[in-house]
Amino acid sequence: MPDTISITLPDGLARELPAGSTGADLAAAIGTRLARDAVIAVVNGTERDLGDPLPDGATVEIVTAASERGLFTIRHSTAHVLAQAVLDLFPGATFGIGPPVEDGFYYDFELPGGATFSPDDLERIDARMREIIAEAQPFVRDEIPSDRAREVFAAHPYKLEIIAGAAEDPTSVTEAGVVRTYENPPNFIDLCRGPHVRDTGHHLGHFKLMRVAGAYWRGDERNPMLQRIYGTAWHSKAALEEHLHRLEEAAKRDHRKLGNELDLFSFPDEIGSGLAVFHPKGGIVRRIMEDYSRRRHEEAGYEFVYSPHITKAGLFETSGHLEWFAEGMFPPMELDGGTEYYLKPMNCPFHCLIFRHRTRSYRELPLRMFEFGSVYRYEKSGVVHGLTRVRGMTQDDAHIFTTKEQMGDELDSLLTFVLDLLADYGLDDFYLELSTRPEEKAIGSHEDWDEATEALRQAAAKRDLDLVLDEGGGAFYGPKISVQARDAIGRTWQMSTLQLDFQEPQRFGLEYVGRDGQRHTPIMIHRALFGSVERFFGVLTEHYAGAFPTWLAPVQVRVLGVRGDHDDYAAAVAARLRAAGFRADWVEADEPLGARIRRAKLEKLPHVLVVGDDDVAAGTVADNARGAERPERDIPFDDFAARLRAEVAERR
RNA sequence: GCCCGAGUAGCUCAGUCGGCAGAGCGGUUCACUCGUAAUGAACAGGUCAGGGGUUCGAUUCCCCUCUCGGGCUCCA
């Protein structure tokens, strides 16, 4: 046996090490800095503990703490520390699973007698975790026979379930009767595939327990609810603080907070959960959003239709909604001696009836019907959330009836239309998601589903965008592509959905006469670009942090006189701007100028005009523009108006 | 729907041995007339989310309902 081994590094260079050397030894041989930052090693593509001996001839990459995989490991190891702390502090507690997640980790527990964690408990757990970290307990990897594992975890039913069921799970901790474990001596052991940091003294400690929440065991609402503790963990104190700062910044953009502060919309208790009213300022933003959308749809060949908010039950029996979507619908009203009426949860059945009103020719296809359709969905009480999840919403909904031959081209141009339009509202960073047939709730044949899914896949593939598969996430009548947009601070939001539907046209008996003189069933494409106007409004509010671009801003210009004797001129400037089609107001000078400017800035207005003696004399304005370094003086009124016009036209 | 937490003035929040409800901002009025992010004073403003219970007495303790927040499940 040779007494040295040869290791290849990611840069292709080779290194000789004494036989039996570990990842840690390799890191140390490369440099003290790397030795300090090393978390795990990737050996021939597989993640390994730093303490594992390296095989001769291996390609090895040292993963450092600040890297994605390093952080993943740190969070994973911190989750183990959390579990140990909870098992220490709460006799009789048992534990479920505890994986790393984005920015952090969680662990699920069950306390004896159905007890729950309190915020005070989190402090105690935090303190115990820091003790464990100070003890620098090693993470000791082991593989034990399943029988033995069942003894070790005899008191932990969820672990026993994992041991029993893991055979079918590809990310399994078991293999051929062997169970992988990690132990933190003296008294904590968990099922785990690893890898982990060397010991609790390495890289851990920059964490914060964030919250406690309920979570169903294995994510299934038929299972018991466990107590989940969420935490965040980082490789350094600075990174942790940065993360907490980012959370604060995101909270400042929260559309619910801004909607209140900027007087855009509210959810009066008197109306009901998830039902919004838009105030005058929010109403302006919404109207501009809708007007622009209407114009673009008109240009793209859509025809505008209107349909009522309620309908007899029969319509939703035909469409299949009462069979497949009933739990998302408000209960029926009984009218006219027993006839049931429902609030509509979707617009498509109405559009199908419009299509069916007379015989259609292939020459009319693709037929595109657009409606700002208000729909009502009975969302479960725990899920309503600001404007992004409501019970009453308006969809910018359209249904496109096409032939099978046209379907591909139509999907293509539709995707272009969607992405262009979203970009006009300031969202231009996207990825696509393809949602396929739901396992348990779907109508229609597998052949239809396969064909529809393939058509969507091809349309999506032509884009230079990432495509993510969402297995089983389609609607009951068809698969869909959803456009996910990243906002100004990198969060993603589901925006547009494009759904292909072979089923409803059949259910409604929709037909067109083809070139061949025969009757054919059209295909229907459901699509909403905003998703819902409400959600889109919320997303734009967060994207712009309430500072709407000029074309959308509720008030585009505020005019302030320097002193009271400039008020007449200020009022005149505002009036001229309004006459020119802008949204301008003025505020009289009964407070110091600085105070009035401050108020205008807090309202996030695009332009604050200040006018004084010089301006009255010369017919000019001074513009304190949002985001500008300093105010600009002596702008002739007409010049300012022209600039503003350009700003609006270019949707800046 | 389920788990945890929270509802006090328009907004943000103080108010723990149970004993007449507070601040700042905002609003109104008056004074100040000011060239780019907070002028001063006075006044108004509350069924302490709603209902029930315990108590001589409940914003405070208990129960129910509603609403909101964070999660889970579900979803535009």
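To find a chain, count down the sequence lines: A is the first, B the second, and so on, and within it residues start at 1. Just so you know, these numbers come straight off a predicted model, no measurement behind them.
Distances were taken from every side-chain heavy atom of A:S273 (C-beta onward) to each of B:rG70, B:rC4, B:rC68; the shortest belongs to B:rC68. Out of B:rG69, B:rC75, B:rU36, the shortest distance to the side chain of A:R535 is found at B:rC75. Ranking B:rC34, B:rC68, B:rC72 by closeness to the A:V562 side chain, first place goes to B:rC34. Comparing B:rU73, B:rC3, B:rG35 against the side chain of A:K380 picks out B:rU73 as the nearest. When distances are taken from the side chain of A:V390 to each of B:rA76, B:rU73, B:rG71, the shortest belongs to B:rA76. For A:S381, whose side chain is taken as the heavy atoms from C-beta onward, the closest listed nucleotide among B:rA37, B:rG1, B:rC4 is B:rG1.
Nucleotide B:rU59 is matched to nothing when pairs are restricted to Watson-Crick or G-U wobble geometry with both distances under 3.5 angstrom. Remark: B:rA42 base-pairs with B:rU28; criterion is Watson-Crick or G-U wobble with both hydrogen-bond distances under 3.5 Å. When Watson-Crick and G-U wobble pairs are counted only if both distances are under 3.5 Å, B:rG22 pairs with B:rC13. Under the Watson-Crick or G-U wobble criterion, with both distances below 3.5 Å, B:rU67 is paired with B:rA6.
Close placement of the A:Y425 and A:Y292 rings is indicated, their centers lying within 6.0 Å of each other. Aromatic pair A:F95/A:F109: ring centres not closer than 6.0 Å.
With C1' as the reference atom, B:rC11 and B:rG35 are 31 Å apart, rounded to whole Å. The same atom, C1', is picked in B:rU12 and in B:rG7; the two are 14 Å apart, to the nearest Å.
Contact annotation: A:R626 does not reach the phosphate of B:rU36 (side-chain N/O to OP1 or OP2, under 4.0 Å).
Judged by distance alone with a 3.5 Å cut-off, a donor-acceptor contact links the side chain of A:N624 to the base of B:rU36. A:R563 contributes no side-chain N or O that forms a donor-acceptor pair with the base of B:rC34 under 3.5 Å. Between the side chain of A:D613 and the base of B:rG35 there is no donor-acceptor pair of N/O atoms closer than 3.5 Å. Counting distance only, with no hydrogens placed and no angle test, the side-chain atoms of A:Y216 and the base atoms of B:rG1 include a donor-acceptor pair under 3.5 Å. Between the base of B:rA76 and the side chain of A:E379 there is a donor-acceptor pair shorter than 3.5 Å. Side-chain to base pairing of A:R596 with B:rC34: no donor and acceptor N or O lie closer than 3.5 Å to each other.
Distance CD (A:E248) to C1' (B:rG70): 17 Å, rounded to an integer number of Å.
Looking at A:K344 and A:S374, their side chains never bring a donor and an acceptor atom within 3.5 Å of each other.
Of all non-hydrogen atoms in A:A276 and A:L387, the two that sit nearest each other are CB-CD2, 3.8 Å.
Ring-plane geometry between A:H351 and A:H399 is classed as perpendicular, the angle between the planes exceeding 60 degrees on a 0 to 90 degree scale with a lower cut at 30.
Judged by closest nucleotide on RNA chain B, A:L602 is the one of A:L602 and A:M393 placed further toward the 5' end.
Side-chain atoms of A:F105 and A:P99, non-hydrogen and from C-beta on, never get closer than 4.5 Å to each other.
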